[in-house]
Amino acid sequence: MPDPTTAPRTSRVRSWWGWGWADAHPDDAECTALGALLPGTLPHPLPVPRTADLNIGHPGAEPPQSLAHLVTADPGPRAAHAMGKAYRDVIRALRGQPGRIPDLVAHPTRDQDVADLLEWAGQHHVAVVPFGGGSSVTGGVEYRGDTHHAVMSLDLTAMDRVLEIDADSRSARIQAGTFGPALEDQLRPHGLTLRHFPQSFEFSTLGGWLATRAGGHYATGRTHIDDFTQSLRVVTPAGTSTSWRLPASGAGPSPDRLFLGSEGALGVITEAWVRLQERPRHSASASLAFTDFHAALNGVRAIAQSDLAPANCRLLDSGEAALAGASRDGSAVLVLGFESATAPVHARLAQALDLARAHGGRGGESAAEAGAPADAAVGAWRSIFLRMPYLRDGLARMGAVVETFETASTWNQLPALIDAIRTEVGTAARDITGHPATINCRLTHVYPDGAAPYFTVLAAGRPGDEVAIWDHLKTVASDVLHRHRATITHHHAVGRDHRPGYDRQRPEPFALALRAAKHALDPHGILNPGVLVD
């Protein structure tokens with residue numbers, strides 16, 4: 001994967017309705033060509049939506065003069081903070097139905113601003129939705145309902161600095177509103193990196209990663225932001241929580257674990273101490289092809305249960321490999337990569353290739369060290385990985401239904417789970433649309449005891465019913481996950497879209513404790529209502 005930390009600063013404009021940069025979206029001709037790949041799409045793409053066409057009313061609340069400099073009621077920012085970037089959000093924007101648009105958007109610059117805004121919101125029954133980069137794909141940054149007097153989106157991105165670096169402990173104190181590229185820009189002069197690169201890296205913030213327990217690009221080792229967290233500072237309506245900065249502790253339940261993954265429902269994460277690493281200087285990558293996907297699963301399991309710890313271990317099924325241009329003969333493809341700050345890694349890659357070949361893997365002879373051209377399959381996968389969210393939005397403009405969801409399961413359950421998803425979601429898509437669907441799978445993260453499969457569903461839409469079809473397929477998929485005791489999400493968070501599955505997954509005594517924590521920390525019930533717990 002190209003190093004995302006070297007991306008130049010830019011003045012490009014973010015898309016208010018879709019993924020990423022506004023100028024990177026497929027044009028009408030490319031949308032039409034994408035639509036031709038699926039049955040049941042529209043003859044012409046839906047027009048790109050404009051905020052000027054939305055019915056954005058007057059705000060239902062007005063902050064006091066002491067806070068007015070932090071808050072805007074301008075229509076543009078309000079529309080841009082109304083939703084995240086799930087397919088459900090994109091198609092609603094394209095249909096001119098973005099849901100409840102926040103009345104206000106606040107941009108605090110310090111902890112006291114956050115505390116003051118929360119105090120005012122609690123007094124006036126204003127819902128507060130914490131907002132980082134807005135890249136949520138689970139309904140985590142929108143308000144649904146009508147029980148609050150008004151809604152305020154609390155945008156943390158003005159708090160965007162690395163405040164302190166402890167080189168001895170290799171850690172840094174960083175404000176929560178810092179976007180991925182800016183975070184790495186500030187660490188680079190010190191020869192350090194956080195080494196956490198989710199697909200949304202360019203468009204998401206440290207606080208968002210923490211609040212959603214985000215997973216990064218790397219397949220083994222420190223896969224989640226949890227693993228990098230040393231301590232948190234969280235502003236709540238009940239006061240500010242600052243945990244001690246420690247390498248480890250056995251002192252009771254961890255305060256950080258309470259707020260990691262809390263999605264703004266318990267408090268607003270404003271800064272964190274995070275563990276850093278030296279920047280890698282050695283890397284090597286290669287790919288192998290498999291005729292049998294289940295044999296490939298066994299090969300990946302052998303690698304995951306070794307001590308080789310690849311940085312990248314992505315298994316693409318035949319459909320995913322074909323979509324990425326990594327395979328033309330119906331083979332599944334395993335993309336492997338290793339990196340290190342201290343020593344060459346080619347020998348580790350060679351051992352991993354041997355393990356994969358023992359389970360039917362073919363190829364890998366063109367393994368590349370850093371500085372040498374990677375093989376074609378590796379390069380093709382990297383390109384489509386970064387481009388895919390934009391292509392999804394192009395398909396949405398053609399009325400197609402595009403869903404992605406991920407989970408994690410133990411190795412003994414994994415083959416049956418993947419087969420069930422393909423069969424049952426495929427049947428549901430055909431039944432509701434009248435057309436066959438494409439369902440692809442890849443493994444994004446692997447562990448000694450299991451793996452995280454990531455599914456992409458491409459299905460025909462029906463004009464005006466795209467959200468209903470998406471909701472139905474999401475429900476079918478969630479039922480399959482629950483039946484196989486696979487998690488409702490491995491790294492995309494719960495939000496509002498996964499809430500039913502999360503309610504079924506968590507033990508009831510834990511839910512009881514979570515509701516008590518919500519009541520104690522957010523007594524007025526203003527923080528991201530509807531997320532995680534009522």
Side-chain angles (χ1 to χ4, degrees), residues 1-2 217-221 282-340 344-388 409 411-412 414-419 421-422 438-448 450-456:
M1 184 176 184
H217 166 74
Y218 294 99
T220 65
H282 306 273
S283 63
S285 60
S287 67
L288 302 96
F290 287 82
T291 302
D292 184 332
F293 182 73
H294 283 200
L297 289 176
N298 290 330
V300 172
R301 177 166 56 87
I303 294 170
Q305 292 176 347
S306 71
D307 60 356
L308 296 173
N312 193 10
C313 188
R314 302 274 175 133
L315 176 62
L316 318 179
D317 72 2
S318 58
E320 188 83 3
L323 185 65
S327 171
R328 294 195 178 100
D329 63 0
S331 296
V333 172
L334 174 60
V335 178
L336 284 170
F338 287 80
E339 66 177 35
S340 171
V345 293
H346 198 275
R348 286 161 56 198
L349 174 60
Q351 293 177 63
L353 291 172
D354 286 343
L355 288 173
R357 292 189 188 111
H359 293 273
R362 312 184 309 275
E365 289 80 8
S366 59
E369 286 279 11
D375 70 22
V378 174
W381 172 78
R382 286 171 175 165
S383 297
I384 199 68
F385 177 78
L386 297 174
R387 183 63 178 157
M388 182 54 72
S409 175
W411 286 113
N412 65 320
L414 197 64
L417 169 66
I418 293 173
D419 290 347
I421 287 287
R422 286 173 172 155
T438 297
I439 303 174
N440 296 331
C441 175
R442 67 179 184 266
L443 300 189
T444 61
H445 301 76
V446 297
Y447 306 93
Y454 189 112
F455 298 91
T456 300

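Atoms CD and CZ, from Q351 and F338 in turn, are 8.0 Å apart once rounded to the nearest 0.5 Å. Rounding to the nearest 0.5 Å places CG of D317 at 10.0 Å from NE2 of H294. Atom CZ of F293 and atom CD1 of I418 lie 4.5 Å apart (nearest 0.5 Å). For the atom pair H359 NE2 and D354 CG, the distance stands at 11.5 Å (nearest 0.5 Å). The distance from the CZ atom of R314 to the CG atom of L336 is 12.0 Å, given to the nearest 0.5 Å. Distance CZ/R301 to CG/N298: 5.0 Å, rounded to 0.5 Å.
In this structure a side-chain-to-backbone donor-acceptor pair under 3.5 Å is missing from T456 to N440.
When all heavy atoms are compared, the tightest approach of L417 to P453 is CD2-CG, 4.4 Å. Summarising the geometry of L355 relative to A302, their closest heavy-atom pair is CD1-O, 3.9 Å, with the distance given to 0.1 Å. The shortest non-hydrogen separation linking N412 to P415 is O-CD, 4.3 Å. In terms of heavy-atom proximity, L349 sits nearest to A284 at CD2-CB, 3.7 Å. Listed here is the closest heavy atom pair of A356 and I303: CB-CD1, 4.3 Å. Considering every non-hydrogen atom in both V345 and S340, the closest pair reads CG1-CB, 3.5 Å.
You'll find the side chain of N312 stays beyond 4.5 Å of the side chain of S285, heavy atoms only. Using a 4.5 Å cut-off on side-chain heavy atoms (C-beta onward), L443 and L297 make contact. Within the 4.5 Å cutoff, no side-chain heavy atoms of Y454 are placed close to those of E320. Contact annotation: the side chain of I439 never approaches that of C441 to less than 4.5 Å [non-hydrogen atoms, C-beta and beyond].
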**OP:** Go through the steps to decide whether S331 and R362 satisfy the test side-chain hydrogen bond (donor to acceptor under 3.5 Å, both in side chains), and finish with yes or no.
**Re:** CA-CA 10 Å; S331 296; R362 312 184 309 275; 3.0 Å; yes
